[in-house]
Colleague: 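Structure in structure tokens, see below.
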Amino acid sequence: MPHTMSRMGDVLAGLHAAWEFESDSVLIRYERGIRTPKLFQALGERRVPLEAIAGVTLTRGKRGTVVLRVEPRPGADPLMEAAAGQLKDGGDPYRLVLPAEREVLAEYYAEELQGLLTESGPAERFLVEPPKGPLSFKAYDGKASFDGRTVNFRWFWTGASSAKWKAGDQSFSVGELNGVEWRSPEVFEGHLRLLRRDEAGAGAGAAAQADQDPAAVVFGLGYGPVHESLPFAAAVLAAVRTSSPVAAVSAAGPRRDPADIAERIRHLGELHQAGLVTDEEFSVKKAELLAEL
């Protein structure tokens, strides 16, 4: 019986993933095997509406394979917007690698899918669902967490710069943000930086090195891997795009664990003794930490 995409549930299985063709979307289910890229395992599955797809390509791959790929429209997928072209081919969630003997079948699906596409150009809003929260990951200099409304950075005393310790732990509501900047940990100076509305166009955030910027966390040495930091960045970006500016979070915030405060004061004292913090800065920051008890 010939294949037809008008029939719900047609499945094309490839390496690390299977695509299920529906009348209005392509459901991509990723395998969870040990050889499956960790990003795919973290994503689990993704439903890509046909209106989010700009085109379809079929090309020859490596070692007797062919590659079927759908091209998402610019602005349609928060994950790809956050990635900004930094994903390697092997980590591209829109590629389906198939044995060369399935090329005819893949070509059929490519033609059928192409015939169903009606949209092109940039999308006015995100059409692919972002990764679900809450999300968190460990960067080199701190832990980042996101509950859908607020991004929190909690600094590690072993990795954070004196500038970040002076600034203290950070909380940003999505209404305060204008976007995110993700730099892959697989390239030099990887980081996640939050772009704030009050700095839009000023370049203030971008001017600071990520290790000195309290609105950024730094990757490296196994910290901030792609499969953890990129879905995080995409979820924040999607929340920012759907939010409206709101008043900043109260500076008081929730009360801290006394043991945590004591540890931070101890580390602040070490910075003071080393000459990295002035007498005035030490006194002010110590008072701020004590006020959180």
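Just so it is clear, the model here is predicted, and its values are computed rather than measured.
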Colleague: So do the side chains of K164 and Q212 get within less than 4.5 Å of each other, counting heavy atoms only?
Modeller: no
Colleague: State plainly whether one hydrophobic cluster holds both L43 and Y94, where clusters connect Ile, Leu, Val, Met, Phe, Trp and Tyr through side-chain heavy atoms under 4.5 angstrom apart.
Modeller: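 Yes, L43 and Y94 fall within the same hydrophobic cluster.
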Colleague: With heavy-atom distances below 4.5 Å as the criterion, would you say the side chains of V66 and T59 are in contact?
Modeller: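 Side-chain contact under 4.5 Å: no.
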Colleague: Any non-hydrogen side-chain atom of V180 less than 4.5 Å from a side-chain atom of L194?
Modeller: yes
Colleague: Check whether any side-chain heavy atom of L195 lies under 4.5 Å from a side-chain heavy atom of L177, and answer yes or no.
Modeller: no
Colleague: Donor-acceptor pairs under 3.5 angstrom involving side-chain atoms of residues 117-129: please list them, not counting sequence neighbours.
Modeller:
{"unit_1": "E129", "atom_1": "OE1", "unit_2": "K132", "atom_2": "NZ", "d": "3.4"}

Colleague: Any link between V217 and V226 through a network of hydrophobic side chains (Ile, Leu, Val, Met, Phe, Trp, Tyr) touching at under 4.5 Å?
Modeller: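 Linked within one cluster.
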Colleague: What is the distance from atom CZ of R102 to atom CD of E107, rounded to the nearest 0.5 Å?
Modeller: 14.5 Å
Colleague: As an exercise, state the distance from CG of N178 to CZ of R241, rounded to the nearest 0.5 Å.
Modeller: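 Those atoms lie 9.0 Å apart.
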Colleague: On a heavy-atom basis, which atom in A216 and which in A210 lie closest, and how many Å separate them?
Modeller: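 Minimum heavy-atom separation between A216 and A210: CB-O, 3.8 Å.
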Colleague: Please check: side-chain N/O of T242 versus main-chain N/O of A238, any donor-acceptor pairing under 3.5 Å?
Modeller: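 The answer is yes, because a donor-acceptor pair under 3.5 Å joins these two groups.
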Colleague: Identify whether the distance between the nearest side-chain nitrogen and carboxylate oxygen of R60 and E103 falls below 4.0 Å.
Modeller: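 Counted as a salt bridge, because a side-chain N and a carboxylate O are separated by less than 4.0 Å.
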Colleague: Going from CG on D92 to CZ on F40, what distance comes out if it is rounded to the nearest 0.5 angstrom?
Modeller: 6.5 Å
Colleague: From D213 CG over to Q170 CD, what is the distance, rounded to the nearest 0.5 angstrom?
Modeller: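 So the CG of D213 and the CD of Q170 are separated by 9.0 Å.
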Colleague: Could you check, using the six-membered ring where one of them is a Trp, whether Y140 and F219 have ring centers closer than 6.0 angstrom?
Modeller: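 No, they do not, as the ring centres are separated by 6.0 Å or more.
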Colleague: Between E22 and S25, is a side-chain hydrogen bond (donor to acceptor under 3.5 Å, both in side chains) present by the stated rule, with each step listed?
Modeller: CA-CA 5 Å; E22 303 289 354; S25 62; over 6 Å; no
Colleague: Quick one: closest heavy-atom pair of L79 and R46, and the distance?
Modeller: CB-NH2, 3.7 Å
Colleague: Could you walk me through whether E45 and R29 satisfy the salt bridge (Lys or Arg N to Asp or Glu O under 4.0 Å) test, starting with their C-alpha distance in whole Å, then the side-chain angles of each, then the deciding distance to 0.1 Å, before giving a yes or no?
Modeller: CA-CA 4 Å; E45 69 176 41; R29 290 193 172 95; 3.3 Å; yes
Colleague: With a 4.5 Å heavy-atom cut-off, do D77 and V48 have their side chains touching?
Modeller: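 Heavy-atom side-chain distance check fails, nothing below 4.5 Å.
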Colleague: Tell me whether W165 is reachable from F156 by hopping between hydrophobic residues (I, L, V, M, F, W, Y) whose side-chain heavy atoms are closer than 4.5 Å.
Modeller: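 No.
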Colleague: A side-chain contact here means heavy atoms from C-beta on lying under 4.5 Å apart; do F137 and K143 qualify?
Modeller: no
Colleague: Are any non-hydrogen side-chain atoms of V236 and F146 less than 4.5 angstrom apart?
Modeller: yes
Colleague: If we ignore hydrogens and angles and just use 3.5 Å, is the side chain of Q86 paired with the main-chain N or O of S184 as donor and acceptor?
Modeller: yes
Colleague: Could you grab the distance from atom OG1 of T57 to atom CG of L68, nearest 0.5 Å is fine?
Modeller: 7.0 Å
Colleague: Looking at P185 and S229, what are the two nearest heavy atoms and their distance?
Modeller: CD-OG, 4.4 Å
Colleague: Once you round to the nearest 0.5 Å, how far does NZ of K88 lie from CG of L39?
Modeller: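 K88 NZ to L39 CG: 13.0 Å, rounded to 0.5 Å.
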Colleague: Search all heavy atoms of E31 against all heavy atoms of T36 and return the closest pair with its distance.
Modeller: O-CG2, 3.2 Å
Colleague: Closest approach of W19 and R69, non-hydrogen atoms and distance?
Modeller: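 In this case the closest contact between W19 and R69 is CH2-CA, 4.2 Å.
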Colleague: If every non-hydrogen atom of I53 is compared with every non-hydrogen atom of R73, which pair is closest and at what distance?
Modeller: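 Distance-wise, the nearest heavy atoms are C-CG, 3.8 Å.
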Colleague: Side chains of F153 and P214: closer than 4.5 Å at any heavy-atom pair?
Modeller: no
Colleague: Check whether L12 and V97 end up in the same hydrophobic cluster, where Ile, Leu, Val, Met, Phe, Trp and Tyr are linked by side-chain heavy atoms less than 4.5 Å apart.
Modeller: no
Colleague: Is a side-chain donor-acceptor pair under 3.5 Å present for N152 with S171?
Modeller: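 Judged by distance alone, the side chains do pair up.
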Colleague: Kindly work out whether a path of hydrophobic side-chain contacts (I/L/V/M/F/W/Y, heavy atoms less than 4.5 Å apart) joins M80 to L50.
Modeller: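 Same cluster.
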